[in-house]
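Throughout, protein chains are lettered first and strands after them, A, B, ... in sequence-line order, and every chain is numbered starting at 1. Only a predicted model underlies this, so the values are computations on that prediction, with no experimental measurement involved.
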Protein chains: 2
Amino acid sequence: MHRHEGHDACPGDAVDMLARAESLCRERGLQFTPLRRDVLEVVAASGKAQGAYDIAERLSVPGKRVAPVSVYRALDFLMEQGLVHRIASRNAFIPCAHVHAPGEGVIFLICRTCGGVDEESSQDLESGLGRTLERAGFTPAHSILEVEGDCGLCRDRKQAS
Amino acid sequence: MHRHEGHDACPGDAVDMLARAESLCRERGLQFTPLRRDVLEVVAASGKAQGAYDIAERLSVPGKRVAPVSVYRALDFLMEQGLVHRIASRNAFIPCAHVHAPGEGVIFLICRTCGGVDEESSQDLESGLGRTLERAGFTPAHSILEVEGDCGLCRDRKQAS
DNA sequence: GGCGGCGGTGATACACTGTAACACTCGCGC
DNA sequence: GCGCGAGTGTTACAGTGTATCACCGCCGCC
């Protein structure tokens, strides 16, 4: 479902994700609480972007309900630490597949067939964007780039049928 | 508030916008109804991105209320015709400042100080994106690129103070 | 003229997404 | 013990978007 090409780091699965998060929090003197851990686990376990309410439902068991607001707080924390990203066009969240260089731009490739989200970064694209912004006299603070289409696997599957 | 550089067409103000919309609808055999006209006018008149509920409120007068759902339908139509764009990161809508080449990509520069939105297109950026997508084996259908930051005017204003 | 279809609109209700405010607990330092 | 701050639970609410049905006006057709 995912393609990760040309990355420096590609932790990929949920276990690595949790280990990485834990060491990162320890390093920064922050709390990696059970709730935050659970939320990250749900986000990391599914290959698709998860809505906050989906996560809340997933974490709820009969007798122990997790409110969406708690999920949002955990997600805010995880986003601040760069462990998850928000997909604006879907109102959904995905685990961060990279270890990012500071200020590095990211592109999200969202497959409209399988729902999988791939995360790419491109120096080429980045410099093109920089030139365009400079030409427009605009000082960027934060940018989002999301492309919807068909991933390689889904395209092949379509052609085969 | 706006900067439009390197464009082929830059209608800019609301009157031109309405005239363009009307001729475009006639050309395509579509109805440019009063509601659609009013919605487009509100979107075009303000330099900032407008929420659907803002537009609904703006169009409502005592005794004659316009429901948000009607606004959404008009906006859907206007977006299909390429007359307005949706800013995903703001859940808001802006008039389309370009006459687009088919399939051409667009960048939105959103000023976090004045709230103005500028619309740029860049062949340079476009080709960089194309190369990145190809490298990832991804077939794009639709992309959104939104940059938040400070526009030239607001930056200058800040430095002056 | 009657009649049916179709696009657009009005209206209500509802689902989904996100935030504000307050109370409570727990761990920690004093 | 006591205060304090971070994290969480809970309720309520604001904001965003969609589903559904009813109605109206127009046009073509018999």
Undergrad: Would a 4.5 Å heavy-atom cut-off, applied to side chains only, mark A/Cys96 and A/Leu83 as touching?
TA: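 SC-SC contact between A/Cys96 and A/Leu83 ruled out.
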Undergrad: In residues 25-43 of chain A, which residues come under 4.0 Å of DNA chain C by heavy atom?
TA: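 Going residue by residue through residues 25-43 of chain A, none turns out to have a heavy atom under 4.0 Å of DNA chain C.
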Undergrad: To the closest 0.5 Å, what do you measure between OG1 (B/Thr139) and CD (B/Glu134)?
TA: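 Rounded to the nearest 0.5 Å, the OG1-CD separation comes to 9.5 Å.
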Undergrad: Nearest 0.5 Å please: distance from the CD1 atom of B/Ile94 over to the CD atom of B/Glu119.
TA: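 Spacing of CD1 (B/Ile94) from CD (B/Glu119) equals 5.5 Å.
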Undergrad: I want to check something: taking the side chain as every heavy atom from C-beta on, are B/Val71 and B/Val42 in contact at a cut-off of under 4.5 Å?
TA: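 No, their side chains stay 4.5 Å or more apart.
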Undergrad: Quick check: are there more than 12 heavy atoms from other residues, nucleotides or ligands sitting under 6.0 Å from CZ of B/Arg155?
TA: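 Yes, enclosed.
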Undergrad: Nearest 0.5 Å please: distance from the CD1 atom of A/Ile55 over to the CG atom of A/Asp38.
TA: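 Going from the CD1 atom of A/Ile55 to the CG atom of A/Asp38 covers 11.5 Å.
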Undergrad: Given side chains that start at C-beta, do those of A/Phe138 and B/Asp118 come closer than 4.5 Å, heavy atoms only?
TA: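 Heavy-atom side-chain distance check fails, nothing below 4.5 Å.
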Undergrad: What are the 5'-most and 3'-most nucleotides of DNA chain C lying under 4.0 Å from any heavy atom of chain B?
TA: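 Footprint of chain B along DNA chain C, 5' to 3': C/dG7 to C/dT12.
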Undergrad: Heavy atoms under 4.0 Å is the rule here; annotate nucleotides 16-23 of chain D 5' to 3' with B where the base is hit, S where only the sugar-phosphate is, and - elsewhere.
TA: BBBBB---
Undergrad: Within this structure, what is the CD-CZ distance for the pair A/Gln31 and A/Arg26, rounded to the nearest 0.5 Å?
TA: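 That separation rounds to 13.5 Å.
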Undergrad: If you count heavy atoms of other groups shown closer than 6.0 angstrom to CZ of A/Arg86, is the number above 12?
TA: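 Buried by this count: over 12 neighbours within 6.0 Å.
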Undergrad: About how many Å separate CG of A/Leu153 and OG1 of A/Thr113, when rounded to the nearest 0.5 Å?
TA: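 One finds 11.0 Å between OG1 of A/Thr113 and CG of A/Leu153.
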